[in-house]
Amino acid sequence: MDARELEKIKKLFQPEVIAVVGASKDPKKVGGSIVKNILANGFKGRVYAVNPTAREIMGVPSYPSLKDIPDKIDHVVVSVPADKVLDVIEEAGKLGVPVASIITAGFKETGRADLENKLVETARKYGLRILGPNIFGVVYTPANLNATFGPEKVLPGKIAFLTQSGALGIALMAWTAMEGIGLSSIVSLGNMSDLDMVDLGEFFAEDPNTRVITMYIEGIATGRGKSFIEVYKKITKKKPVIALKAGRSERGTKAIASHTGSLAGSDNVYEAAFKQAGILRANDVQELFDWAKALASLEKVDVKGEGFVILTNGGGIGVMATDASVFSGLPLLDMPEDLKAELRKHMPWFGSAANPVDLTGQAKAENYAGAFQALLKHPSVSGVVVLYCEVAFLDPVELAKSLIETHKQYNGAGKPVVVAMVGGERTREALKLLDANGIPSYPIPERAVKSIATVYRYSQYLSRNQ
Ligand code: COA
């Protein structure tokens, strides 16, 4: 994609001026809720509404048509019924608007491919790019932009999420915030009449606010398979990409056909395409964001050596994590003597300085801090899995604070670190705190191990493909 087209996509996410056509004073209507969300998130650019009768909507100046707006529009959000969309696109095109997101449903997905083709034809005539139709909109947190009819708040972060499922996307806006997963963007792909995951991937590959690209896909648009592989082969050498592809089973594939009308094709074809492109394939939503969180915690993924260490206060979870490491291909360090000697300073005589390092159930925050620091500083250690079982005399939040402090002080080398804490309410709070401070954390050891193993796998992919 040339720079001019890329610039148009940029306007989708970072417009200086956005106009909502089909805006309404009624915040329960789609167009009304989009205006409400744009305002609620403190979008810094200028906002206009288009509505046949209103002259102001929620404090936003409103005009009867796009051409009446006394400003140069970068991004038009279209939320008028299907039979009125074409006229809006024609008008936007004439005005030289670079990009439109079309919320409206009732096109190809309902058998109106003719209407959709007409939209694309018209937009092409003017060089206008289209996202949609049949979408819930676009979120881009670095610009405080939430031009969707989904929930008001999205937690800012470094993960971009592209989704072919509207309902799932909307649901995940709130779910990710609750889980402490920070997003740079959420994009609803809809019918992909023009812009699709290939074009958007090119944007996010260059986007300094995005470290990891994630996607839920059901099918790649017809004729785009080759570009998908070629483009993503390049992207994955810069940034990790994780895909969740539904329709693994035969019945699932049939369900896709009736959902988005995509020609889903055999799952083996997708599996091969992902492999060729270097895309990591997640099995479910949880895995998708578990891995993304771990990858997004590092400014640069560059794992040194092949020696990960598990640090724990519980023998049982240490063994569980060891098994998970073996099954997920995470190499564990054979502990050098100098490191063992240093670690022994931070545990009682009945602890273990082997790997897993067992500080025992009586470990205090300062024991964790000392051992964690020794691991971060030692050149043979590639990365650390910190485990904790909730015990009465070590408050998880206190431990989290101490881990955050040590991590800040001693992890200049950017070693991957994950934490798993098993326990109750206080543990939940501690996990949130760790996540908010850039240390990916999980409620069970296996999820932590699989996530750091993905970081290792991706780092290996990078070194094989330099
Ligand atoms: N220009 C500007 N505004 C226009 C207009 C035009 N040409 N034609 C109508 N409007 C106004 C209407 O007057 C109305 O404002 P009002 O409340 O002040 O009267 C507003 O636009 C919306 O039009 P309305 O006819 O009330 O439609 P609606 O809000 O019920 O539905 C859509 C519009 C787009 C939401 C609906 O057609 C649709 O597609 N819904 C599905 C969306 C969806 O699910 N997308 C996929 C999600 S994954």
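Heavy-atom basis, side chains included; hydrogens, waters and symmetry copies ignored. In each ligand, atom 1 is the first atom listed, and ligand 1 is the first ligand listed.
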Q. Under the ring-ring contact (aromatic ring centres under 6.0 Å, His included) rule, what pairs show up with a residue in residues 432-451, not counting sequence neighbours?
A. none
Q: Give the C-alpha distance, both sets of side-chain angles, the deciding distance and a yes or no for side-chain contact (heavy atoms from CB on, under 4.5 Å) between I235 and F204.
A: CA-CA 9 Å; I235 297 174; F204 287 113; over 6 Å; no
Q: Indicate, with yes or no, if the rings of Y270 and F228 have centres closer together than 6.0 Å.
A: no
Q: Indicate yes or no: at least one non-hydrogen side-chain atom of V20 is less than 4.5 angstrom from one of I38.
A: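 Contact flag for V20/I38 side chains = yes.
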Q | Test applied, side chain to side chain donor-acceptor pair (under 3.5 Å); reference residue, Y140; option that passes from D207, N146, N41 | A | D207
Q) Taking any residue with a non-hydrogen atom under 4.0 angstrom from an atom of ligand 1, which ones do you get? A) V21, G22, A23, S24, K29, V30, V50, N51, P52, S79, V80, P81, K84, I103, T104, A105, N134, I135, F136, F149, G166
Q: Look at atom CZ of R224 and say whether more than 12 heavy atoms of other residues, nucleotides or ligands are closer to it than 6.0 Å.
A: yes
